[in-house]
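Quick caveat, the model's predicted, so the values are computed rather than measured. Order of the sequence lines fixes the chain letters, A, B, ..., with proteins taken first and strands second; residue numbering starts at 1 for each chain.
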Protein chains: 2
Amino acid sequence: MTSGTGSDDGLAEGLIDLAHHVLHLFADVGRAHRLSQQQVELICAVIVRDSIGMSELGRILHVEKSGLSNLVDRLEQRGLVTRYSDPADRRATRITLTGEGTTTAMTIYNDVTSRVRGLIAGIPQNQRRSTLSAVRAMTGDAPAGR
Amino acid sequence: MTSGTGSDDGLAEGLIDLAHHVLHLFADVGRAHRLSQQQVELICAVIVRDSIGMSELGRILHVEKSGLSNLVDRLEQRGLVTRYSDPADRRATRITLTGEGTTTAMTIYNDVTSRVRGLIAGIPQNQRRSTLSAVRAMTGDAPAGR
DNA sequence: TATTGTTATACTCTATAACTATA
DNA sequence: TATAGTTATAGAGTATAACAATA
């Protein structure tokens, strides 16, 4: 983790630093709305899907089902999301944004994406495609995309 | 955040995904030792420096001073780190690893770095230098390194 | 019997403010 | 007066296990 001593010439430290940058960005965006990083991530995951099941949401956020229950509880109490029963499987619960939730989510989502694009803006155009393939290689995504 | 819809061709989502991968790696490594992600990050920050001041540590971990106090408390109670007063400035406190802390830290540090290298291993050799420069561009580091 | 989610418990993290001691 | 760190409090996240309803 010291600079330049590893055989990777600092890539490892750089990645760790970058990970902090990205996740702190979620926290910073949320702060203005008194939402935590996790709450912002949940809202962003819901808005791009319109509605989503608890299990899938847990997988996306890497959160245990009990923790997710609490997370959704807090957002439901604040009137931002609603639970409803999945008609196809009565054990399952799905989540959507309320009207107020949608308004908040749009603001937050635009803010998050514009900040991420702000990071990307630092990379010269002609390097972006190779950066994407490197990122996908690290996360285990097929180079062709998912 | 949906794939391929943005003008960045998925780089934004990829970066967010990567950030999760990297930070979950800290959490996963810690789990085996019953240490949280934050505790692993603190230990890794101390071991590469031998000793470190609270203020600097707070900056590295992006943690408020009060939160850091608690974090150090818990690790001190578990016998992994020790506080001592900075002789140069009697307001300041510095942190070092205990004997047991050093043993644990070495295991953890090796585990973290080998996992990060595992991520990097997915990137073709000839792309690593440009990836590093892209990463630095995003975190605001000068291309020449810090 | 296995799965989906909720509840309970206990611990950890985060944020803010008030406080002590040094500078 | 400013800075370093601690303490207190309250809300939020995480991990485990026990549980009810449904498949």
Only pairs at least two apart or in different chains count here, so list each salt bridge (charged side-chain N to carboxylate O under 4.0 Å, His left out) that has a residue in residues 51-73 of chain A. Arg49(A)-Glu56(A), Asp73(A)-Arg83(A)
Using a 4.0 Å heavy-atom cut-off, write out nucleotides 11-18 of chain C from 5' to 3' as B (base contacted by protein), S (sugar-phosphate only) or - (no contact). -SSBBBB-
Under 4.0 Å, counting only non-hydrogen atoms across every strand here, what does Ser55(B) touch: a base, just sugar-phosphate, or nothing? sugar-phosphate
With a 4.0 Å heavy-atom cut-off, tell me which residues in residues 83-97 of chain A come close to DNA chain D, sorted by residue number. Asp89(A), Arg90(A), Arg91(A)
Mind checking which nucleotides bracket the chain A contacts on DNA chain D, 5' to 3', with an atom under 4.0 Å from a heavy atom? dA12(D) to dA23(D)
Backbone of Leu80(B) reached by a side-chain donor or acceptor of Thr98(B) within 3.5 Å: yes
Less than 3.5 Å apart, any donor N or O on the side chain of Thr82(B) or Glu76(B) sitting next to an acceptor on the other? no
Under 3.5 Å donor-acceptor pairs involving side-chain atoms of residues 119-126 of chain B, not counting sequence neighbours:
none

In whole angstroms, the gap separating C1' of dT6(C) from CD of Gln77(A) amounts to 14 Å
Quickly work out the Leu57(A) CG to dT6(C) P distance and round it to whole Å. 11 Å
Residues Arg90(A), Asp86(A); criterion salt bridge (Lys or Arg N to Asp or Glu O under 4.0 Å); working and verdict: CA-CA 6 Å; Arg90(A) 285 166 57 204; Asp86(A) 186 337; over 6 Å; no
Would a distance-only check, ignoring hydrogens and angles, find a side-chain to backbone donor-acceptor pair under 3.5 Å from Arg115(B) to Leu25(B)? no
Is the side chain of Asp111(B) donor-acceptor paired with the backbone N or O of Thr107(B) at a distance under 3.5 Å, no angle test? no
With a 3.5 Å distance limit and no angle check, can you tell me whether His62(A) reaches the backbone of Gly58(A) through a side-chain donor-acceptor pair? no
Minimal non-hydrogen separation, Val112(B) against Cys44(B), with atom names: CG2-SG, 4.3 Å
Donor-acceptor contacts under 3.5 Å from residues 32-39 of chain A side chains, at least two apart:
residue, atom, partner, partner atom, Å
Ser36(A), OG, Gln39(A), N, 3.2
Gln37(A), NE2, Glu41(A), OE2, 3.1
Gln39(A), OE1, Ser36(A), N, 2.9

